[in-house]
Asker: 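One structure follows; several queries about it will come next.
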Amino acid sequence: MIKTRPGFAGGIASIIDSHDPYEILGTIAGDDTILLINREGVSKGHMLEVLAMFIPGLKNKTL
């Protein structure tokens, strides 16, 4: 799950979907939350690496 500012989730999910990374099967976006569905066997660390390629500053914001 990714938390965003209110109203940003749809746009960010659209960016993720448009890049069509192999590791992500799909996204479901609400107003401020995105659910990422990853492929089996893809670790959280690898998922963050993939997302960081097209979402600048992501690594600095994760826990």
Asker: Applying side-chain contact (heavy atoms from CB on, under 4.5 Å), name anything that partners I28, two or more places apart in sequence or on another chain.
Answerer: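 So I28 forms a side-chain contact (heavy atoms from CB on, under 4.5 Å) with L35.
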
Asker: What is the minimum heavy-atom distance between G30 and A9, and which atoms define it?
Answerer: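 Looking at all heavy atoms of both residues, the shortest contact is O-CB, 3.3 Å.
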
Asker: Side chains of M47 and V42: closer than 4.5 Å at any heavy-atom pair?
Answerer: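 Yes, at least one pair of side-chain atoms sits under 4.5 Å.
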
Asker: Can you tell me how far apart CG (L36) and NZ (K44) are? Round to the nearest 0.5 Å.
Answerer: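 Here the interatomic distance stands at 11.5 Å.
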
Asker: Can you list the residues that meet the side-chain contact (heavy atoms from CB on, under 4.5 Å) rule with D32, with sequence neighbours excluded?
Answerer: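 D32 satisfies side-chain contact (heavy atoms from CB on, under 4.5 Å) with K3, T4 once adjacent residues are dropped.
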
Asker: Going from CG on L48 to CD on E23, what distance comes out if it is rounded to the nearest 0.5 angstrom?
Answerer: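 One gets 11.5 Å once the value is rounded to the nearest 0.5 Å.
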
Asker: To the closest 0.5 Å, what do you measure between CD1 (I34) and CD1 (I12)?
Answerer: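 Between atom CD1 of I34 and atom CD1 of I12 there are 5.0 Å.
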
Asker: Mind checking whether L51 and Y22 sit in one hydrophobic cluster, side chains of I, L, V, M, F, W, Y counted as touching below 4.5 Å?
Answerer: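 Different clusters: L51 never reaches Y22 through Ile, Leu, Val, Met, Phe, Trp or Tyr contacts under 4.5 Å.
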
Asker: Who pairs with D17 by side-chain contact (heavy atoms from CB on, under 4.5 Å), at least two apart in sequence or on another chain?
Answerer: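 D17 satisfies side-chain contact (heavy atoms from CB on, under 4.5 Å) with T27 only.
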
Asker: Holding to ring pair (Phe, Tyr, Trp, His ring centres under 6.0 Å), I want the full list of residues that pass it with H19, two or more places apart in sequence or in another chain.
Answerer: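 Testing H19 for ring pair (Phe, Tyr, Trp, His ring centres under 6.0 Å), a comparison that skips the adjacent residues, returns F54.
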
Asker: Which ring-ring contact (aromatic ring centres under 6.0 Å, His included) pairs, counting each pair once, include a residue from residues 24-51, with sequence neighbours left out?
Answerer: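 For residues 24-51, and leaving out neighbouring residues, there are no ring-ring contact (aromatic ring centres under 6.0 Å, His included) pairs at all.
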
Asker: For the atom pair CD1 (I37) and CG (L25), what is the distance rounded to the nearest 0.5 Å?
Answerer: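 That separation rounds to 7.5 Å.
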
